[in-house]
Amino acid sequence: MDFIWGAATSAYQIEGAAFEDGRTASIWDTFARDVVGETGDVACDHYHRMPSDVQLIKSLGVNAYRFSVSWTRVQPGGRGPANVKGLDFYDRLVDELLANGIDPWLTLYHWDLPQELEDAGGWPVRDTAYRFADLSSLVIDRLADRVQNFSTVNEPWCVAYLGYEHGVFAPGRRDFKAALDSTHHLLLAHGLAAAQLRERGRTVSIPLNIGTATPASDDPLDVAAAWRADGNVARIFLDPLRHGRYPADVVEDLAGRGYTLPVQDGDMEIIATPIDLLGVNFYFGQDFAGRDLDGNTLDASGRPVVREIKPDVPQTDLGWPITPDRFTTLLLRLHHDYGWPLVVTENGAVFPDQPDADDFVEDTERVAYLSAHIDAVGAARAQGADVRGYFAWSLMDNFEWAEGYAKRFGLVRVDYQTQLRTPKRSALWFRDRITSAP
């Protein structure tokens, strides 16, 4: 199989064992306890069930598995030497995957900043990027002899804006300047890690959550609103990574709001360290209008209106529109505008799963979602996009961040009381789709 077929998870969402073998608290331990009301203390208990979970992964017929390391399991407190027991777990995981013919795809950061580093200022503080570089070296030194594919920072937009501006993700702050500073420092962290990986001859990627920003009409105001939205979510990351500069229109827009990105000499060269693949995490596309519901073109602060409109299409159980056609559009845009080889590092959906007496879920809606989106990848490839793989999100039901355990993305159902794993219809369909792939 030349095409990469995989399933994906993240450490905090599945591992459990939150305070075992030297692991300390991350911002998600704190936020989950204080805000969400449910925690990842046990989650899917993957830390204790890893060998059987690898057999579960193997049963799907995938040839790759994307996972992340827990920063505080590897480096408690975010500073100092490695926690040997923590690295030993990932060492065993990598060996188990390889022994079963599954290629490990390791993500260095999936949102679990050590609480001590947040207490010292978090991602808005430049030093955090260097602390991440230290973590990266610990992981690379231990695992790069067997792991070829590394991702650096997963979805930096979510880290910066959901965590530091909107306050709906850890650490729960509401400060636009903090989000803006975090954006730059997350990119700097990526570049510092990417340079280490390139020195070791490893394959480097960064997974970005990128939707599509479509004008609600051909009205020039709607076109401008969509371009502005695209700049604030996509191009603010893509352009520095590819071109070593922030988009001029975004910089100008921020200056009009009184903000400047905290760029220092040499930063942009580090951020633009070449990557081998762009990870694409796609869930839905959006429409944008340049007028509010009352027809105003300026908001209360005198800035141009950028109003999000959900496309008039079916939605998932999270209220996310289902837009596979826009997935094709996005992949082609990334191919033509930026030129990197692409891998779909996340794609999946929440639906109201109803298990039967045997805990089996006949999740036909998820099957339809996955089928349409995999077909969308195929359509992009047929039109020339260099898409090299697809990872379903997620392997199994897990702690779904601010939603706690209420929402389920998994191909495999998890009974959180018994930890029983039961492949859903979507898991069986995914296996068969992989088997029948050319």
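- Looking at His243, its side chain never comes within 3.5 Å of a backbone N or O of Asp239 through a donor-acceptor pair.
- Remark: the backbone N or O of Gly122 is paired with a side-chain donor or acceptor of Thr128 at under 3.5 angstrom.
- Side-chain atoms of Asn281 and Glu155 form a donor-acceptor pair, as typed in the model, at a separation below 3.5 Å.
- Formation of a donor-acceptor pair under 3.5 Å by the Lys310 side chain with backbone atoms of Pro321 is not found in this model.
- A donor and an acceptor atom, one from each side chain of Ser26 and Asp29, are located under 3.5 Å apart.
- Two residues are said to be in side-chain contact when any heavy atoms from C-beta on lie closer than 4.5 Å; Thr260 and Leu254 fail this criterion.
- A heavy-atom distance below 4.5 Å is found between the side chains of Leu192 and Leu188.
- Under 3.5 Å, the side chains of Ser426 and Asp363 contain a donor-acceptor pair of N or O atoms.
- If you check the side chains of Gln196 and Ser136, you find no donor sitting under 3.5 Å from an acceptor.
- Phe176 carries Arg257 over the face of its six-membered ring, with the cationic atom under 6.0 Å from the centre and within 45° of the normal.
- Between Ala32 and Phe399, the closest heavy-atom pair is CB-CZ, 3.8 Å.
- Of the possible donor and acceptor atoms, none in the side chain of Thr107 sits under 3.5 Å from a partner among the backbone N and O of Tyr109.
- Closest approach of Asn296 to Val305, counting heavy atoms only: O-CG2, 3.6 Å.
- Classification of Arg421 and Asp53 as a salt-bridged pair holds, one side-chain N sitting under 4.0 Å from a carboxylate O.
- Residues Trp123 and His185 approach most closely at O-ND1, 2.9 Å, considering heavy atoms.
- When side chains are defined from C-beta on, Leu238 counts as touching Leu278, because their heavy atoms get closer than 4.5 Å.
- Side-chain contact, Tyr161 with Thr183: a donor N or O sits under 3.5 Å from an acceptor N or O.
- For Tyr65 against Ala7, the heavy-atom pair with the smallest separation is CD1-O, 3.4 Å.
- Taking the six-membered ring where the residue is Trp, Phe169 and Trp28 present perpendicular rings, their angle passing 60° and hence far from 30°.
- Ion pairing between a basic and an acidic side chain is recognised when a charged N comes within 4.0 Å of a carboxylate O; Arg200 and Asp141 show such pairing.
- Counted by atom type alone, Tyr90 and Ser70 present zero donor-acceptor pairs between their side chains at under 3.5 Å.
- The closest side-chain donor-acceptor pair between Gln383 and His335, if any, does not fall under 3.5 angstrom.
- Using a cutoff of 4.0 Å between basic side-chain nitrogens and carboxylate oxygens, Asp337 and Arg235 are not scored as salt-bridged.
- Electrostatic pairing of Asp88 and Arg92 does not count as a salt bridge here, judged by no charged N lying under 4.0 Å from a carboxylate O.
- Rounding to the nearest 0.5 Å places OG1 of Thr297 at 12.5 Å from CZ of Arg307.
- Between the side chain of Arg326 and the backbone N or O of Phe284, no donor-acceptor pair lies under 3.5 Å.
- Side-chain contact check for Trp111 versus Asn154: some heavy-atom pair is nearer than 4.5 Å.
- Two residues are said to be in side-chain contact when any heavy atoms from C-beta on lie closer than 4.5 Å; Arg146 and Asp91 meet this criterion.
- Judged by the 6.0 Å and 45° rule, Arg23 forms no cation-pi pair with Tyr47.
- Side chains of Asp397 and Tyr405: a donor-acceptor N/O pair is absent below 3.5 angstrom, by distance only.
- The closest donor-acceptor contact from the side chain of Glu165 to the backbone of Ala178 lies at 3.5 Å or more, if one exists at all.
- No side-chain donor from either of Tyr390 and His373 sits under 3.5 Å from a side-chain acceptor of the other.
- When all heavy atoms of Val377 and Phe327 are compared, the pair lying nearest together is CG2-CE2, 3.6 Å.
- Here the OG1-CZ distance, from Thr345 to Arg66, works out to 5.0 Å after rounding to the nearest 0.5 Å.
- Nearest heavy atoms, Val204 versus Ala194: CG1-CB, 3.8 Å.
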